[in-house]
2 protein chains.
Amino acid sequence: MDKKDLKLLEILQRDASVPLAQLAQEVNLSPTPCWRRIQKLQEAGVIARQVVLCDAGKLNVPLTVFVSIRTSQHNEAWTRRFVEAAAGIPEIVEIYRLNGEIDYLLKLAVPDIARYDAVYKRLIQSVELADVSSAFAMEVIKSSTVLPLDYALERRQGAA
Amino acid sequence: MDKKDLKLLEILQRDASVPLAQLAQEVNLSPTPCWRRIQKLQEAGVIARQVVLCDAGKLNVPLTVFVSIRTSQHNEAWTRRFVEAAAGIPEIVEIYRLNGEIDYLLKLAVPDIARYDAVYKRLIQSVELADVSSAFAMEVIKSSTVLPLDYALERRQGAA
DNA sequence: GATGAAAGCTTTTCCCC
DNA sequence: GGGGAAAAGCTTTCATC
């Protein structure tokens with residue numbers, strides 16, 4: 001992985017519909033080696049997938065909700081039930097296990113507060129949760145799938 | 001927007017590299033009307049962009065950090081400075097203004113805790129923050145850019 | 001609106017440097 | 001590892017129903 005690869009990733013993370021010929025030009029390469037680089041990035045799993053991003057408002061889910069969950073039950077059976085229940089709910093788009101006060105953080109995409117409450121009820125029906133608190137996004141200031149590339153060239157354990 | 005459009009979005013949100021011929025088959029359409037539907041979804045902004053998603057680990061930013069920020073200064077000048085400073089830092093991938101206790105929630109992608117601290121210092125140098133607390137993702141259980149489609153067909157204000 | 005076929009591009013391969 | 005040209009494949013348009 002070198003600077004040209006990073007340049008390609010920088011472009012493709014923002015717009016994957018750029019034609020190969022133009023990509024090649026941007027990195028001062030001809031289409032063939034440029035194509036081979038992208039192919040390698042895919043095979044290596046650096047490029048994980050190619051997707052379309054939809055507009056949440058246009059899909060009638062303009063409200064982003066963050067749900068903080070604390071649990072008293074830290075056993076494996078509970079965890080499995082929780083993960084299965086939560087991961088299967090399409091409104092729950094992200095789930096993280098955190099350190100510190102909060103055990104799990106969930107990010108939801110819903111139409112409104114009433115619909116959030118419906119999802120909330122569905123979730124607490126499936127698993128026992130010690131403490132749940134939610135916060136609503138009043139404003140999305142930045143929302144990006146673009147990862148920083150500044151660290152990718154550093155030597156690290158397990159690097160390709 | 002009808003069921004066929006939703007089916008297309010469902011597929012494309014997961015994999016935008018599916019050839020048109022296959023997409024058409026999945027929705028029982030021939031390539032041309034299928035293509036026109038996708039075109040319309042793009043023009044309407046339902047499909048906002050097409051991107052590649054990278055593997056955070058392979059880019060040497062395996063650590064996701066959530067930063068909760070409280071501020072005492074709720075004036076416009078402070079907000080502008082904060083937003084400009086935070087949005088310009090590539091490690092900060094998402095920024096939300098929340099209701100309730102926490103004013104802002106940030107999501108970061110960094111190599112390790114030390115690098116998180118460096119970003120943290122950069123941020124507090126730019127703007128005054130009343131209270132900052134961070135939580136590290138020990139485990140990413142679900143991380144998806146797939147929005148729920150179940151509400152898209154409902155009648156709503158401003159719907160296309 | 002849907003269809004099938006042609007036209008125009010892009011991607012992918014092949015061979016050479 | 002990079003380059004040029006041919007081959008294959010896909011997307012986009014067009015004429016027709």
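When reading the values below, keep in mind they use all heavy atoms of this one structure, side chains included, and skip hydrogens, waters and symmetry mates. Per chain, numbering begins at 1; letters A, B, ... match sequence-line order.
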Review point. Can you tell me how far C1' of dG1(C) sits from CG of Asp2(B), to the nearest Å?
Key: 12 Å
Exercise for review: For Glu84(A), check side chain to side chain contact (heavy atoms under 4.5 Å, CB included) against everything at least two apart and list the hits.
Suggested key: Arg80(A)
**Study point:** Spatial distance of atom CG (Leu63(A)) from atom CZ (Arg115(A)) [nearest 0.5 Å]
**Key:** 12.0 Å
Check your understanding: In terms of ring plane angle, is the pair Tyr120(B) and Tyr116(B) parallel, tilted or perpendicular, where the classes change at 30° and 60°?
Key -> tilted
Point to revise | Segment of DNA chain D, first to last nucleotide, that comes within the 4.0 Å heavy-atom reach of chain A | key: dG1(D) to dA5(D)
Check your understanding: Heavy-atom contacts under 4.0 Å between residues 3-11 of chain B and DNA chain C, which residues?
Key -> none
Check your understanding: Could Asp5(A) and Arg37(A) be called an ion pair, given the rule that one side-chain N must be under 4.0 Å from one carboxylate O?
Key -> yes
Practice item. Rounded off to whole Å, could you give me the CG-to-C1' distance for the Leu29(B) and dG4(C) pair? Key: 14 Å
Are any protein N/O atoms closer than 3.5 Å to N/O atoms in nucleotides 15-17 of chain C? If there are, list each pair with its distance.
none

Revision key, fill the gap. Residues in residues 12-24 of chain A with a heavy atom under 4.0 Å of DNA chain D, by number, are none
Point to revise | Nearest-0.5 Å distance, OH of residue Tyr104(A) to CD1 of residue Ile95(A) | key: 9.5 Å
Review point. Can Glu94(A) and Lys107(B) be said to form a salt bridge (Lys or Arg N to Asp or Glu O under 4.0 Å), step by step?
Key: CA-CA 12 Å; Glu94(A) 296 178 31; Lys107(B) 179 173 151 186; 2.9 Å; yes
Study note, to complete from the structure: Value for CZ (Arg97(B)) from CG (Asp103(B)), rounded to nearest 0.5 Å, stands at 9.0 Å
Practice item. Would you give the length of the straight line joining atom CG of Asp131(B) to atom OG of Ser72(B), rounded to the nearest 0.5 angstrom? Key: 10.0 Å
Point to revise | Side-chain ion pair, Arg122(B) and Glu91(B), N-O less than 4.0 Å | key: yes
Point to revise | ring-ring contact (aromatic ring centres under 6.0 Å, His included) contacts touching residues 9-66 of chain B (sequence neighbours left out) | key: Tyr96(A)-Phe66(B)
Check your understanding: How far does CG of Leu149(A) sit from CG of Leu9(A), to the nearest 0.5 angstrom?
Key -> 6.0 Å
Review point. Can you tell if the side chain of Val67(A) reaches within under 4.5 Å of the side chain of Val132(A), non-hydrogen atoms only?
Key: yes
Check your understanding: Leu8(B) versus Cys34(B): any side-chain heavy-atom pair under 4.5 Å?
Key -> yes
Check your understanding: Atom CD of Gln39(B) and atom P of dA2(C): how far apart are they, to the nearest Å?
Key -> 15 Å
Study note, to complete from the structure: Between Pro31(A) and Lys40(A), whichever has its closest DNA chain D nucleotide further toward 5' is Lys40(A)
